[in-house]
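Take a look at the structure set out below.
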Amino acid sequence: PESTIGVFTATATRTTLDQIVGILSLGSPIVYKLPSVRKNLFLGVTKKSNLETIISDAKQFLVENHFNDCGIIYCLTPDTAKHVVFKFTNGENKFSVAQYAGSGMDEEIKRKNLHVWLDGKYKVLVATKAAGTGLDKNDVRYVIQIGLPDSIEEFSQQVGRAGRDGARSNCMLYFKDSDMHVHLKHAVTKDTPAEIDISVNKLLYMMNLASSHDCRHKQIAEYFDETTDLCDSNCDNCISMIKAQVHNIQDLAKKPLPLY
């Protein structure tokens, strides 16, 4: 009864924290919470109509920005992961890829592939969210998400693999509308109506993050009950707003001054 209890979680909203405290009967615990905003991470989101275009665009982005860097590509399904591995290891600009997901993939092979990537012999690790906590490497310069995560918690945990050494890193999400249906089909299999509602609401928050024109870092902070300023240039939306402001100023500068 006198034992000290420590509870750790990667991402949690205030509601989730309260639930943890209640379930474990912790009373009034001391809570230490790190900010959800990582200022060294650039967040970008691109919506496309089909998977082939997404994979092509993601590969081109890495060719132009991170060809020799270490990174992770998260896929929505094991079959997509296998297809991504094929596309990235064939054609022009082949990448050294370690596959850590795929239908029927042997666990021993997965383990060996993970260590090959951790040792730096292969630059790209292709995984799904089932990869868990083993993807801990300081020099991950990018995280590519091919497919919409099912929640902001999952999104944050995945992009959080990037830039753990503090260096600037890119996190790019590529998604299509049909990704929503994949998650909804899974959500309705939950045991209770309350669990279904929670899963659907989390998905809607994630979809709003992906579709909104507001600062992505600010949206994430607010979701986790935090406050932060606009990131200015650490997400695609803020860069677009800056460009729009510059364009408006240039237009105003071209107009003749009124004569009084």
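- Atom NZ of residue Lys123 and atom NE2 of residue His66 lie 13.0 Å apart, to the nearest 0.5 angstrom.
- At a threshold of 4.0 Å, the pair Glu52-Lys87 counts as salt-bridged, since one of the basic side-chain nitrogens sits closer than that to a carboxylate oxygen.
- Asp136 and Arg164 are joined by a salt bridge, as a carboxylate oxygen and a charged side-chain nitrogen come within less than 4.0 angstrom of each other.
- Distance check: Ile152 CD1 to Asn208 CG gives 7.5 Å after rounding to the nearest 0.5 Å.
- Hydrophobic clustering (side-chain heavy atoms under 4.5 Å, transitive across Ile, Leu, Val, Met, Phe, Trp, Tyr) groups Met180 together with Phe175.
- Using a 3.5 Å distance cut-off with no hydrogens or angles, the side chains of Asn234 and Arg216 do not pair a donor with an acceptor.
- Among residues two or more places apart in sequence or in another chain, the ring pair (Phe, Tyr, Trp, His ring centres under 6.0 Å) test is passed with Tyr223 by Tyr205.
- Ile73 is not listed as a side-chain neighbour of Gln145, based on a closest heavy-atom distance of 4.5 Å or more.
- Side-chain heavy atoms closer than 4.5 Å link hydrophobic residues (I, L, V, M, F, W, Y) into clusters, and following such links, even through other members, never connects Ile239 to Leu230.
- Side-chain contact between Val124 and Gln99: absent, with no pair of heavy atoms (C-beta onward) separated by less than 4.5 Å.
- For Phe95 and Phe67, the gap between ring centers is short of 6.0 Å.
- Side-chain contact between Ile220 and Phe155: present, with at least one pair of heavy atoms (C-beta onward) separated by less than 4.5 Å.
- Using a 4.5 Å cut-off between side-chain heavy atoms of Ile, Leu, Val, Met, Phe, Trp and Tyr, with links allowed through other members, Ile198 and Val200 fall into different hydrophobic clusters.
- The shortest heavy-atom contact between Phe42 and Ser233 is CD1-O, 3.8 Å.
- Taking the charged nitrogens against the carboxylate oxygens, Lys82 and Asp79 have no contact shorter than 4.0 Å, which rules out a salt bridge.
- Contact detail for Ser151 and Met206: the closest heavy-atom pair is O-SD, 3.5 Å.
- The shortest distance between side-chain heavy atoms of Leu62 and Lys59 does not fall below 4.5 Å.
- Here the side chains of Leu76 and Leu148 are not in contact, with every heavy-atom distance at 4.5 Å or above.
- Under the 4.5 Å side-chain criterion, counting only non-hydrogen atoms from C-beta, His83 is in contact with Ile55.
- Remark: Tyr122 engages no residue in a ring pair (Phe, Tyr, Trp, His ring centres under 6.0 Å) (not counting sequence neighbours).
- Salt bridge Lys218/Asp229: absent, no basic N to carboxylate O contact under 4.0 Å.
- With rounding to the nearest 0.5 Å, the separation of CZ in Arg141 from CG in Asn170 is 9.5 Å.
- Considering all non-hydrogen atoms of both residues, Cys75 and Thr80 come closest at CB-CG2, 4.0 Å.
- At a threshold of 4.5 Å between non-hydrogen side-chain atoms, the residues Tyr74 and Thr128 do not count as touching.
- The NE2 atom of His115 sits 11.5 Å away from the NZ atom of Lys121 when rounded to the nearest 0.5 Å.
- Here the options are His183, Lys202, Lys129, the test is side chain to side chain donor-acceptor pair (under 3.5 Å), and the partner is Asp150; only Lys129 passes.
- By the criterion of side-chain heavy atoms lying less than 4.5 angstrom apart, applied directly or through intervening Ile, Leu, Val, Met, Phe, Trp or Tyr residues, Val143 is not grouped with Val126; the two fall into different hydrophobic clusters.
- Side-chain heavy atoms closer than 4.5 Å link hydrophobic residues (I, L, V, M, F, W, Y) into clusters, and following such links, even through other members, never connects Val140 to Leu41.
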Donor-acceptor contacts under 3.5 Å from residues 187-195 side chains, at least two apart:
unit_1: Thr189; atom_1: OG1; unit_2: His186; atom_2: O; d: 2.5
unit_1: Thr192; atom_1: OG1; unit_2: Glu195; atom_2: N; d: 3.2
unit_1: Glu195; atom_1: OE1; unit_2: Asp191; atom_2: N; d: 3.1
unit_1: Glu195; atom_1: OE1; unit_2: Thr192; atom_2: N; d: 3.2

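- Heavy-atom minimum distance, Lys176 versus Ser49: CD-O, 4.2 Å.
- A donor-acceptor pair under 3.5 Å is formed between the side chain of Asn40 and the backbone N or O of Ala167.
- Judged by a 6.0 Å distance limit and a 45° cone about the ring axis, Lys137 is positioned over the six-membered ring of Trp117.
- Inter-residue side-chain proximity for Leu114 and Leu135 is flagged as met; some heavy-atom pair is nearer than 4.5 Å.
- Atom CG of Leu43 and atom CG of Leu173 lie 9.5 Å apart (nearest 0.5 Å).
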Item to check | Chi angles and distances behind the side-chain contact (heavy atoms from CB on, under 4.5 Å) call for Lys94, Thr89 | outcome: CA-CA 5 Å; Lys94 296 182 178 66; Thr89 54; 5.7 Å; no

Item to check | side-chain contact (heavy atoms from CB on, under 4.5 Å) between Phe86 and Val84, intermediate numbers included | outcome: CA-CA 5 Å; Phe86 176 80; Val84 167; over 6 Å; no

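- Checking Ser240 against Asn237 by side-chain atom types alone, no donor-acceptor pair falls below 3.5 Å.
- The main-chain N or O of Ala162 is found under 3.5 Å from a side-chain atom of Arg38 such that the two form a donor-acceptor pair.
- In terms of heavy-atom proximity, Ala221 sits nearest to Thr228 at CB-CG2, 3.5 Å.
- Closest approach of Cys70 to Asp139, counting heavy atoms only: CB-O, 3.7 Å.
- Of the charged side-chain nitrogens involved, at least one lies within less than 4.0 Å of a carboxylate oxygen, so that Lys48 and Asp57 count as a salt-bridged pair.
- Atom CD in Glu153 sits 10.5 Å away from atom OG in Ser36 (nearest 0.5 Å).
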